[in-house]
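First the proteins, then the strands, lettered A, B, ... as listed; each starts at 1. Scope of the values below: all heavy atoms of this structure, side chains included, with no hydrogens, waters or symmetry mates.
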There are 2 protein chains.
Amino acid sequence: MNKDDINILKQSPIFSALNENEVQDLVSLVKERRLVPDEVIFWEEDPSDWFYIVLKGKVKVTKMTSAGKEIILSFFGSGEMIGEVAVFENKPYPASAQSMTESRLVSIRKSDFLKFLLKHPEVSLKTIGILSGRLRESQSRLRDLAGEKVEQRLARLVLMLSYKLGSTLPFTRQDLSDMAGTTTETAIRVLSQWKERSIIRSVRGKIIIADESKLKLIAEGPPLV
Amino acid sequence: MNKDDINILKQSPIFSALNENEVQDLVSLVKERRLVPDEVIFWEEDPSDWFYIVLKGKVKVTKMTSAGKEIILSFFGSGEMIGEVAVFENKPYPASAQSMTESRLVSIRKSDFLKFLLKHPEVSLKTIGILSGRLRESQSRLRDLAGEKVEQRLARLVLMLSYKLGSTLPFTRQDLSDMAGTTTETAIRVLSQWKERSIIRSVRGKIIIADESKLKLIAEGPPLV
DNA sequence: CGCCTATTTGAAAACCGTCAAAGTATGTGG
DNA sequence: CCACATACTTTGACGGTTTTCAAATAGGCG
């Protein structure tokens with residue numbers, strides 16, 4: 001691994017508390033994995049021997065419905081970890097992971113990582129923080145999916161993504177619909193309307209938020225009265 | 001706290017690794033809280049100074065939709081912890097918690113608990129395990145809500161609850177609909193049909209699973225071809 | 001017995017998914 | 001550099017699922 005890669009690990013949320021020596025310890029445990037676009041990292045139900053940290057690229061984590069429709073649970077980029085749930089539970093992966101662009105990961109064997117955790121309690125605490133954040137986000141999306149209408153769900157999704165990634169979102173309408181639990185056609189219809197109302201602009205595969213405040217109004221839904 | 005209560009703590013998933021002395025340390029930090037039915041423990045967005053462990057009773061954790069509909073995120077019983085996400089993130093509670101029956105909890109001040117965690121790395125690991133399990137469950141429900149039809153969602157929900165609580169479920173149709181992200185009327189229509197098909201029996205406020213295998217078939221959905 | 005909550009049923013309508021067909025960028029290979 | 005393949009976007013019509021609104025019945029507790 002080169003210096004840049006090691007820096008990504010050092011600055012990642014989970015390992016940011018480690019000093020130079022500890023990072024070196026960690027580096028001795030990892031293997032690098034290079035991915036072409038759309039390569040599968042692991043499938044749901046595979047035995048979970050490894051967990052991963054993204055160095056570069058974009059990775060999606062998905063589950064299939066019984067009808068074969070893909071649901072995107074989340075996206076991960078540089079410095080974020082994947083497959084952690086399986087590692088800490090000693091069960092198969094609960095979801096699949098796949099690269100969306102050319103990507104590079106580091107992989108760490110589950111047993112090595114657990115040993116590392118026991119030696120480094122600060123990393124445990126960081127891990128708890130990360131898991132808490134993911135649980136919070138997951139529960140917020142649960143509420144949206146269980147109770148909000150499609151347009152509101154899409155608005156909330158787009159806002160949430162923009163907080164994380166900025167006002168230009170590198171997603172297709174299909175990506176959005178797979179995240180919002182709707183269909184491509186419906187996502188297109190909603191976004192077309194937003195485009196007419198100058199709430200967004202868009203080019204193929206990208207969505208640019210033009211009027212965040214209007215989007216927030218939609219996200220909040222119609223007044224209760 | 002009496003011996004029985006202390007035993008509940010000792011046997012709870014999070015503290016099961018502690019020895020006698022460590023449990024005593026813990027007990028010195030806790031306060032007991034008694035709840036009448038339907039008493040609110042904390043509201044979503046309240047500052048999160050405490051986290052809780054259920055000694056006895058049944059507690060629901062909920063979020064509201066923008067239209068004021070209640071969505072039940074989960075139920076907790078004896079030995080389970082509530083409010084953990086907020087504690088580890090230093091943010092307000094992400095959801096509300098309310099007793100469903102007469103209940104008793106112990107509460108631990110956030111700062112005390114974090115200190116305790118630093119002294120007891122095994123508890124950190126247990127916590128990671130519990131959070132992972134909750135994340136796994138939350139993501140599974142995300143998939144269901146995003147992609148499955150109402151009857152399948154209800155079937156999966158009932159099965160999931162029965163794995164946790166046994167074949168007699170102490171929930172009203174409204175509880176189920178608030179969990180499955182549908183309406184009371186729809187839940188009633190689906191369950192009535194199940195009753196006719198002898199898949200369940202029911203008395204006011206309770207549902208008894210009579211034919212788990214049929215329920216599993218419904219949960220899997222129609223055959224793909 | 002009376003009240004409150006849970007359960008039930010019906011009819012109409014809204015919302016969204018499905019299916020089908022076509023237009024439009026992007027990149028690749030010849 | 002153009003032609004073609006591919007993936008993304010768009011539009012329309014139809015229908016099914018589920019919600020909504022309304023009203024009625026029934027079980028349990030004081």
Worksheet item: Is it true that A/Phe171 and A/Phe75 have ring centroids separated by less than 6.0 Å?
Response: yes
Worksheet entry | Short side-chain N/O contact to D/dT19 OP1/OP2 from B/Thr182, under 4.0 Å | yes
Worksheet item: Does a donor on one side chain sit under 3.5 Å from an acceptor on the other, for A/Ser162 and A/Glu212?
Response: no
Worksheet item: Roughly, in whole Å, what's the span from CG in A/Leu191 to P in D/dT10?
Response: 8 Å
Worksheet entry | Short N-O contact, A/Glu220 and A/Lys216, less than 4.0 angstrom | no
Worksheet item: Any salt bridge between B/Asp5 and B/Arg104, counting N to O under 4.0 Å?
Response: yes
Worksheet item: With sugar-phosphate meaning primed atoms plus P, OP1 and OP2, does B/Thr186 contact a base, only sugar-phosphate, or nothing at under 4.0 Å between heavy atoms?
Response: base
Worksheet item: Touch check for B/Lys206, heavy atoms < 4.0 angstrom, all strands: base, sugar-phosphate only, or nothing?
Response: nothing
Fill in: Sugar-phosphate only, base, or nothing, as touched by B/Arg173 at under 4.0 Å among non-hydrogen atoms
sugar-phosphate
Practice prompt. In whole angstrom, give the distance that lies between atom CD of B/Glu196 and atom P of C/dT8.
Written response: 10 Å
Practice prompt. Would you indicate what A/Ser202 reaches in the nucleic acid, counting non-hydrogen atoms under 4.0 angstrom: base, sugar-phosphate, or nothing?
Written response: nothing
Fill in: Atom-to-atom span, CD of A/Gln193 to P of D/dG12 - whole angstrom
13 Å
Practice prompt. Using a 4.0 Å heavy-atom cut-off across all strands, classify A/Lys69 as base, sugar-phosphate, or nothing.
Written response: nothing
